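Keep in mind that what you see is a predicted model, and the values were worked out from it rather than measured. In what follows, chains are A, B, ... by sequence order, proteins preceding strands, each numbered from 1.
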There are 2 protein chains.
Amino acid sequence: MTEKDDFDLQNFLPYLLNQAAEESSLAFQQVYKDRYGMLRTEWRVLFHLGIYGRMTAKEIGTRSKMHKTKISRAVARLGERRFLTRQQDIKDRRLEYLELTHLGRTAYHDLLTVAQTYDNRLSASLSPDENKVLRQVLRKLAKMG
Amino acid sequence: MTEKDDFDLQNFLPYLLNQAAEESSLAFQQVYKDRYGMLRTEWRVLFHLGIYGRMTAKEIGTRSKMHKTKISRAVARLGERRFLTRQQDIKDRRLEYLELTHLGRTAYHDLLTVAQTYDNRLSASLSPDENKVLRQVLRKLAKMG
DNA sequence: TGTTAATAGTTGTTTTTGTAACTAACAACC
DNA sequence: GGTTGTTAGTTACAAAAACAACTATTAACA
């Protein structure tokens, strides 16, 4: 992409990434939305706790790069619906440890199965090399500024 | 990703794609926002008209897969700010042909330059093979269901 | 032609998100 | 110990997106 006139929106990386991201998450979104009435921020918090275990909102923020207000709201909603419990740290009362309840773990495992199936389906449409390169490059891009 | 316990959020394609998309569009977003007060939908419409020329809102929708209400509002705002003109089709008065004004073309060319520089910078951080595979795979993913 | 269906685009209302300002608790340091 | 600065998390308000219902116009066809 050096000539001005050659420019194609379909080759502009941020645009292309966005299209692929949107398209590829649509079907999964349908599941967590229809089955549990969750938003994207909410399944993300659920998965962070499901995968990495008990942690604070701050830690979720560091790992996911989501803004703290998003996390705060997602946690509040997941708490109301009994998907997680919140427990204040006694030493530092600003901190709250979040942990999935039985209900939360059940939802997590259910969605995990869906996610895995879904990811496998996406992977299957790509060659082994495409898969490897894609994930590797995406991780690189996700880290840049 | 076959074992349940192996699941890593950082390897789940929809999540990974979203992270990369968000990160990679941040700096560009800053430019069209700060320089022209535009939203994502607005620069997209601007680019569609800049690249492909005069067309209707419907055609933009088909090409971009954006919902018609988003397009309608983006067009309205770009019109108010004199970035484009709207001209009703005489044969079919439901249709309106959209076309960039001189002001619109100026903004388009300015942002195009930024986009190209930006895309080049992203490309430069990847190998030629990574670049090729990435774009090819993203286009494939953007088209699937 | 008259009635029904389809299409292009808009508007109104509700959800979500983004931003900034806020509270509560702790830390640092004089 | 009292001031000042930080940090974790929440809340309030403004901006944007999603969704559904709407208008105006054309197409289809009995």
For A:D89 and B:L95, find the nucleotide of DNA chain C closest to each by heavy atoms; which residue's nucleotide sits nearer the 5' end?
B:L95
Mapping A:R40 and B:H67 onto DNA chain C by nearest heavy atom, which one lands closer to the 5' end?
B:H67
Go through [options] for me and flag the one nearest to the [X] side chain.
X: B:L39; options: D:dA16, D:dT26, D:dG9; result: D:dA16
X: B:K68; options: D:dC19, C:dA8, D:dT11; result: C:dA8
X: A:K70; options: C:dA25, C:dT10, C:dG18; result: C:dG18

Closest-nucleotide mapping onto DNA chain D: is B:R94 or A:K58 further toward the 5' terminus? I mean the 5' end.
A:K58
Taking for each residue the nucleotide of DNA chain D bearing the nearest heavy atom, is the 5' side occupied by B:T41 or by B:I90?
B:T41
Derivation and outcome, salt bridge (charged side-chain N to carboxylate O under 4.0 Å, His left out), residues B:D8 and A:R135
CA-CA 12 Å; B:D8 183 358; A:R135 288 167 205 263; over 6 Å; no
Between the base of D:dG9 and the side chain of A:R93, is there a donor-acceptor distance below 3.5 Å?
no
Let's test your reading of the model: under 3.5 Å, does the base of C:dG12 pair with the side chain of B:R73 as donor and acceptor?
yes
For the student: nearest non-hydrogen atoms of A:M38 and A:L46, plus distance:
CE-CD2, 4.0 Å
Pick base, sugar-phosphate or nothing for A:T69, based on heavy-atom distances below 4.0 Å to the nucleic acid.
base
By the 4.0 Å heavy-atom rule, please label A:R86 as base, sugar-phosphate, or nothing.
sugar-phosphate
Check which hydrophobic residues are tied to B:L39 through side-chain heavy-atom contacts below 4.5 Å, counting indirect links as well, and list them.
none
Taking the ring of B:F47 and the ring of A:Y15, is the distance between their centroids below 6.0 Å?
no
Could you give the CD-to-C1' distance, from A:Q29 to C:dT15, as a whole number of Å?
13 Å
